[in-house]
Amino acid sequence: IAQGLFGSIMLMVIVIALTIPVGVAAAIYLEEYAPDNRLTRFLNTTVRNLAGVPAVVYGLLGLSVFVALMQQLGAINNGRNLFAGGLTLSIVVLPIVIITSAEALRSVPRDIREAGFGVGATKWEVVRSHVLPYAAPGIFTGIILTIARAFGETAPLLLVGAAAAGFGQAASATVIEKVLGPYTALPTTIFSWSRLPQDDFKALTAAAIVVLLAVVLLINAVAILLRNRY
């Protein structure tokens with residue numbers, strides 16, 4: 001369980017580092033800067049369609065793109081490492097982050113923007129100092145709930161090489177070696193243990209499920225606190 005929890009946390013760190021800046025920036029561009037033309041409408045439609053694609057399809061994409069890229073860079077374990085898994089999960093949740101952030105920006109009243117322009121502020125100053133703070137609760141809530149969904153994804157990780165069971169690593173292994181070497185995650189561990197016939201694994205599966213639910217509930221609680229705080 002400890003190995004799976006460590007792998008899941010490291011995957012979420014990669015997902016957060018990639019999806020938050022890219023997703024919010026894309027939402028800001030589409031809502032505040034992009035003109036209302038066919039290209040923008042096509043991009044919005046494409047993002048919404050990508051949000052409905054099954055996660056296993058993104059797993060196939062990660063296997064053919066990210067794992068192959070890691071292999072070309074000479075990564076150990078045939079490129080099946082936390083970076084490949086994190087990149088795959090990032091593209092799974094990126095469309096949802098863009099949609100939720102765009103909806104939060106769209107909910108900001110037009111009067112706030114006009115007031116900023118009325119005192120001589122530039123477009124970026126209005127977005128940075130007025131629109132983003134007003135939309136922050138919706139953006140934070142959407143991002144954290146999306147991260148909670150990514151925390152429970154299993155199929156993409158199995159396709160990009162996450163171990164479906166525990167494995168041994170040297171006690172002296174550094175964090176870099178753990179990140180670049182074989183990895184597992186809590187959902188894949190639950191998937192593996194639930195298929196084993198031994199009675200001992202039934203209790204282990206239940207314990208791992210409780211840990212997974214506790215982490216997801218904690219993430220959702222953070223979303224509620226941020227929404228109430230702002």
Side-chain angles (χ1 to χ4, degrees), residues 8-9 11-59 61-62 65-66 86-153 156 215-230:
S8 295
I9 291 174
L11 287 170
M12 291 307 102
V13 170
I14 297 173
V15 170
I16 291 171
L18 293 175
T19 56
I20 291 180
V22 175
V24 175
I28 291 174
Y29 171 76
L30 291 174
E31 289 298 320
E32 302 295 332
Y33 290 94
D36 186 12
N37 53 28
R38 291 183 178 178
L39 178 60
T40 303
R41 290 192 290 270
F42 172 76
L43 290 176
N44 280 309
T45 303
T46 301
V47 170
R48 295 181 182 278
N49 288 334
L50 289 175
V53 174
V56 66
V57 177
Y58 288 109
L61 176 64
V65 176
F66 300 133
L87 289 171
T88 303
L89 286 182
S90 296
I91 62 173
V92 171
V93 301
L94 181 59
I96 305 175
V97 172
I98 295 175
I99 292 172
T100 55
S101 300
E103 292 293 339
L105 293 170
R106 194 177 300 121
S107 67
V108 178
R110 177 61 58 180
D111 295 343
I112 294 179
R113 297 177 175 85
E114 293 176 353
F117 292 135
V119 296
T122 63
K123 180 74 171 180
W124 172 239
E125 289 174 342
V126 171
V127 172
R128 181 190 62 193
S129 301
H130 297 76
V131 177
L132 279 178
Y134 194 95
I139 293 175
F140 286 153
T141 303
I143 288 174
I144 295 176
L145 294 180
T146 303
I147 299 292
R149 175 198 167 181
F151 196 89
E153 289 289 353
V215 174
V216 172
L217 289 175
L218 178 61
I219 295 174
N220 292 338
V222 172
I224 294 173
L225 290 176
L226 286 176
R227 182 184 63 193
N228 294 336
R229 171 65 178 82
Y230 290 96

*asked:* Rounded at 0.5 Å granularity, tell me how far CG in L11 sits from CG in L87.
replied: 10.0 Å

*Under 3.5 Å donor-acceptor, R113 side chain and E32 backbone*: no

*Indicate the atoms forming the closest heavy-atom contact of P21 with I16, along with that distance.*
CD-O, 3.8 Å

*Does any N or O in the side chain of T40 come within less than 3.5 Å of the main-chain N or O of D36, such that one atom is a donor and the other an acceptor?*
no

*Give the minimum heavy-atom separation between R128 and P133, together with the two atoms involved.*
O-CD, 3.3 Å

*Just wondering, do L225 and F140 contact through their side chains at under 4.5 Å, heavy atoms?*
no

*Within a strict 4.5 Å, meaning less than it, do heavy atoms of the I96 and R149 side chains meet?*
yes

*Side chain T100, main chain V97, donor-acceptor under 3.5 Å*: yes

*Do N220 and L145 touch side chain to side chain, with heavy atoms closer than 4.5 Å?*
yes

*So how far is it from L61 CG to I91 CD1, rounded to the nearest 0.5 Å?*
4.0 Å

_Testing the basics here: between Y33 and W124, what is the closest heavy-atom pair and its distance to 0.1 Å?_
OH-CA, 3.5 Å

_From I20 atom CD1 to I143 atom CD1, the distance as rounded to the nearest 0.5 Å_ = 4.5 Å

*V127 pairs by side-chain contact (heavy atoms from CB on, under 4.5 Å) with which of T122, V108, L105, L132?*
L132

*Regarding N49 and T46, is there a side-chain donor-to-acceptor distance under 3.5 Å anywhere?*
no

_Backbone of A104 reached by a side-chain donor or acceptor of S107 within 3.5 Å_ = yes

*Which value, rounded to the nearest 0.5 Å, describes the distance between Y58 atom OH and F66 atom CZ?*
11.0 Å

*Got a second to check how far I147's CD1 is from T19's OG1, nearest 0.5 Å?*
4.5 Å

_Point-to-point distance, once rounded to the nearest 0.5 Å, from CD1 of I139 to CD1 of I28_ = 6.5 Å

